[in-house]
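So the structure is just underneath, and the comments pick up after that.
Counting starts at 1 for both ligands and their atoms, in listed order. Just so it is clear, the structure is predicted and the values come from calculations on it, not from any experiment.
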Amino acid sequence: MRKKIVAGNWKMNTTVAKGEELAAAVAEKSKETGETLLVLAPPFTHLTKVADKIKGSQVQLSAQNCAAETSGAYTGEVAASMIADTGAKYCILGHSERREYYGETDATLNKKLEQCYANGLIPIFCVGEKLNDRESENHFNVVKTQLENTVFNLNDEQFGKIIIAYEPVWAIGTGKTASSEQAQEMHAFIRRILTEKFGAKADCTSILYGGSCNPSNAKALFANKDVDGGLIGGASLKVDDFIAIATSF
Ligand code: PEP
């Protein structure tokens with residue numbers, strides 16, 4: 001049985017006080033979301049405060065990124081060990097905004113994956129094609145290559161813990177969502193290639209959809225057999241929308 005997961009990526013939004021308020025409200029309302037695992041990924045500065053607000057609830061904490069190195073002279077970076085020390089259990093890696101604006105390559109992501117595993121953090125690993133890849137019908141190849149260059153390097157034990165997020169770049173923050181059919185088609189493709197590499201273990205891998213997911217489209221997206229939940233950006237900043245998405249299974 002795969003875990004249903006709805007994770008909120010707050011990106012670079014909210015003050016600490018607003019973040020605490022939002023986290024407390026999500027923790028309170030998480031009583032309505034049944035078995036679904038809720039994860040909040042606030043900015044680094046908010047992690048310890050949000051950890052306090054969700055303590056005792058079924059909500060878990062994630063970072064949005066981690067350093068590729070262990071420690072030392074890396075100004076502005078935050079190590080996976082420091083993230084784990086806040087109580088976070090998850091870490092988003094490979095988000096398209098990190099790939100695009102901060103030049104994250106597959107080589108960097110491999111180091112970050114190692115840092116997560118070395119520090120007990122579960123990666124929420126993002127893959128997804130750009131609009132021109134989809135228009136040129138190269139989207140399957142792009143996603144396959146992203147996985148082959150990174151996730152395929154994991155050992156079986158590491159693979160058993162990973163969460164994959166399929167995020168078509170053209171759908172992130174644009175209001176354009178992949179159709180339910182497009183999402184299922186890609187999720188099934190991802191599961192198939194992961195199964196070819198890792199065998200039946202891939203049946204247990206949660207694959208989340210991300211890209212303008214909201215309370216109106218979540219039900220259709222989550223109804224698909226290979227869509228195990230969502231990675232939510234904009235709508236995760238509104239407690240009622242986030243909880244409505246989390247109750248859309
Ligand atoms: C994201 O950035 O992970 C995301 C899915 O954003 P949005 O929901 O705002 O498209």
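Contacts of Ala171 with ligand 1, taken as heavy-atom pairs under 4.0 Å, involve the backbone alone.
Side-chain N/O atoms of Thr105 and Thr108 include a donor and acceptor closer than 3.5 Å.
The protein atom (non-hydrogen) at minimum distance from atom 9 (O) of ligand 1 is Gly234 N, 2.8 Å. When hydrogens are left out, the protein atom nearest atom 2 (O) of ligand 1 is Lys11 NZ, 2.5 Å; that is the closest non-hydrogen contact. Scanning the protein heavy atoms around atom 3 (O) of ligand 1, the nearest turns out to be Glu167 OE2, 2.7 Å.
Under a 4.0 Å criterion applied to the non-hydrogen atoms of Gly210, ligand 1 contributes the atoms 5 (C). Atoms of ligand 1 lying under 4.0 Å from any heavy atom of Gly211, numbered from 1 in the order shown and given with element: 5 (C), 10 (O). Interface atoms of ligand 1 facing Asn9, defined by a heavy-atom separation under 4.0 Å, are 2 (O), 3 (O).
Lys130 places no side-chain N or O within donor-acceptor distance of the main-chain N or O of Val169, the cut-off being under 3.5 Å. With Thr177 contributing its side chain and Ser212 its backbone, the two residues share a donor-acceptor pair below 3.5 Å.
Note on Asp106 versus Arg99: salt bridge recorded, some NZ/NE/NH1/NH2 to OD/OE distance being below 4.0 Å.
Ranked by closest heavy atom to atom 1 (C) of ligand 1, the top entry among His95, Glu97, Gln64 is His95. The heavy atom nearest to atom 10 (O) of ligand 1, considering only Ala41, Gly233, Gly173, is found in Gly173.
The CG atom of Asp156 sits 9.5 Å away from atom CD of Gln158, with the distance rounded to the nearest 0.5 Å.
At least one side-chain heavy atom of Arg2 sits under 4.5 Å from a side-chain heavy atom of Asp226.
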(request) Please step through side chain to side chain contact (heavy atoms under 4.5 Å, CB included) for the pair Glu97 and Lys11, ending with a clear verdict. (result) CA-CA 10 Å; Glu97 288 154 14; Lys11 309 193 186 190; 2.8 Å; yes

